[in-house]
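Report on the following structure.
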Amino acid sequence: MKPNLLAGVLRLVCAVILLGLGACGSLLPKPAPPPTLHLLTWDSAARALPSLASLPSLKIAPVQASLRINPPQAAAGFDSRRIIYLREPYRLDYFAKHEWADTPARMLAPLLLAAFEAGGGFRAVFAAPSAAAADFSLDTELIRLQQDFSHIPSQLRLTLRASLLDNATRRVLASREFDVREAAPSEDAAGGVIAANQALQKLLADLVRAPGFTP
């Protein structure tokens with residue numbers, strides 16, 4: 001075969017191959033868009049918590065003590081960024097196109113700190129790990145955070161177990177499970193996120209005001 005003819009054949013073969021690759025690429029499924037990310041926050045309007053010393057249920061006025069907020073833990077199934085919903089008992093399902101920006105337990109840590117700072121029951125509040133010594137520690141565990149579609153309208157349920165410890169004696173001063181239910185404004189993930197944030201405002205206020213959760 002003549003050189004010019006051979007070169008022409010090779011160019012034609014290459015062109016066919018490139019066209020074929022381009023056609024294959026166009027037939028491949030497009031990558032799924034990234035999920036929509038959602039936050040747990042503490043609304044600034046909810047920060048005007050009453051001073052613990054003003055609450056009649058407390059027999060002892062807040063002392064000049066410090067509090068360490070230990071990293072919140074999460075129960076099995078609730079330690080990921082996936083947003084959970086229920087349609088039947090004992091079965092956890094997840095929204096495919098929506099996620100939390102971080103695990104709810106990690107997002108909860110700074111919100112607990114801010115709520116206890118605003119409560120005024122402690123001289124200083126800081127998050128672990130910290131080199132500073134603290135008189136008391138707060139341990140928390142996220143028991144559930146789920147949107148339940150077995151109710152109409154669907155309900156967001158947020159449950160947190162909290163314990164206050166005396167670091168000197170390792171004695172548990174208070175331990176309680178806080179459970180809040182909030183109706184979702186819409187039957188989708190966005191409605192559940194709104195309800196979750198509303199439930200969180202109530203839960204943090206209840207926790208800071210709860211008898212025993214101050215020295």
Side-chain angles (χ1 to χ4, degrees), residues 35 37-53 55 58 60-84 92 94 99-146 157-180 193 196-215:
L37 301 182
H38 300 274
L39 289 169
L40 286 174
T41 62
W42 187 34
D43 190 345
S44 59
R47 296 186 182 185
L49 297 175
S51 170
L52 294 177
L55 298 179
L58 297 178
I60 303 175
V63 297
Q64 294 300 304
S66 57
L67 174 68
R68 179 177 64 238
I69 307 290
N70 289 329
Q73 304 299 307
F78 296 91
D79 54 354
S80 77
R81 292 170 50 179
R82 306 181 75 178
I83 299 180
I84 295 173
L92 301 181
Y94 308 94
E99 289 185 355
W100 296 113
D102 201 346
T103 64
R106 282 199 290 264
M107 288 192 290
L108 186 59
L111 308 182
L112 287 166
L113 187 147
F116 272 93
E117 282 182 333
F122 295 90
R123 171 182 54 83
V125 183
F126 51 88
S130 173
D135 301 295
F136 302 92
S137 295
L138 181 74
D139 289 340
T140 54
E141 182 183 13
L142 181 67
I143 303 300
R144 65 178 62 85
L145 176 59
Q146 61 197 34
R157 187 176 181 186
L158 171 62
T159 309
L160 184 77
R161 180 181 295 120
S163 299
L164 185 73
L165 290 79
D166 185 326
N167 289 337
T169 64
R170 302 307 301 168
R171 184 168 63 95
V172 177
L173 301 178
S175 184
R176 178 179 161 185
E177 191 171 284
F178 297 83
D179 185 74
V180 180
V193 169
N197 278 280
Q198 292 172 343
L200 183 59
Q201 314 310 312
K202 297 177 181 179
L203 188 147
L204 289 177
D206 290 345
L207 171 58
V208 172
R209 296 165 181 164
F213 282 85
T214 188

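None of the values given here were measured: they were computed from a predicted structure. Both backbone and side-chain heavy atoms feed into the values below; hydrogens, waters and symmetry mates do not.
Closest of all the heavy-atom pairs between F178 and A210 is CZ-CB, 3.8 Å. For the residue pair D179 and R157, the shortest heavy atom distance occurs at OD1-NE, 2.9 Å. Contact detail for M107 and D102: the closest heavy-atom pair is CE-O, 3.3 Å. When every heavy atom of L112 is checked against every heavy atom of L204, the shortest pair comes out as CD2-CD2, 3.6 Å. When all heavy atoms are compared, the tightest approach of L113 to A127 is CD1-N, 3.3 Å. Across every non-hydrogen atom of A109 and I69, the tightest pair is O-CG2, 4.3 Å.
A 4.5 Å side-chain heavy-atom check between L158 and L142 finds at least one atom pair inside the cut-off. I83 is listed as a side-chain neighbour of W100, based on a closest heavy-atom distance under 4.5 Å. Contact check for R81 versus L37: side-chain heavy atoms found under the 4.5 Å cut-off. At a threshold of 4.5 Å between non-hydrogen side-chain atoms, the residues R68 and F136 do not count as touching.
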Working for side chain to side chain contact (heavy atoms under 4.5 Å, CB included), residues I84 and Y94: CA-CA 5 Å; I84 295 173; Y94 308 94; 3.5 Å; yes
L40 and N197: CA distance, side-chain angles, deciding distance, side chain to side chain contact (heavy atoms under 4.5 Å, CB included) verdict: CA-CA 6 Å; L40 286 174; N197 278 280; 4.3 Å; yes
Candidate pair R82 and L92, rule side chain to side chain contact (heavy atoms under 4.5 Å, CB included), full reasoning: CA-CA 11 Å; R82 306 181 75 178; L92 301 181; over 6 Å; no
Side chain to side chain contact (heavy atoms under 4.5 Å, CB included) assessment of L207 paired with F116: CA-CA 9 Å; L207 171 58; F116 272 93; 3.8 Å; yes
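In terms of the ring-ring contact (aromatic ring centres under 6.0 Å, His included) criterion, F78 has no residue partners (sequence neighbours excluded). Under the salt bridge (charged side-chain N to carboxylate O under 4.0 Å, His left out) criterion, R176 pairs with no residue, sequence neighbours left out. Listed by chain and residue number, E141, E177 satisfy the salt bridge (charged side-chain N to carboxylate O under 4.0 Å, His left out) test with R161 (two or more places apart in sequence, or in another chain).
For Q73 (side chain) and A105 (main-chain N/O), no donor-acceptor pair under 3.5 Å exists by modelled atom type.
L165 pairs in a side chain to side chain contact (heavy atoms under 4.5 Å, CB included) with only one of the listed residues (L138, D135, N70, D139), which is D139.
To the nearest 0.5 angstrom, L160 atom CG is 5.5 Å from T140 atom OG1. From L111, atom CG reaches atom CG of L203 across 11.0 Å, with rounding to the nearest 0.5 Å.
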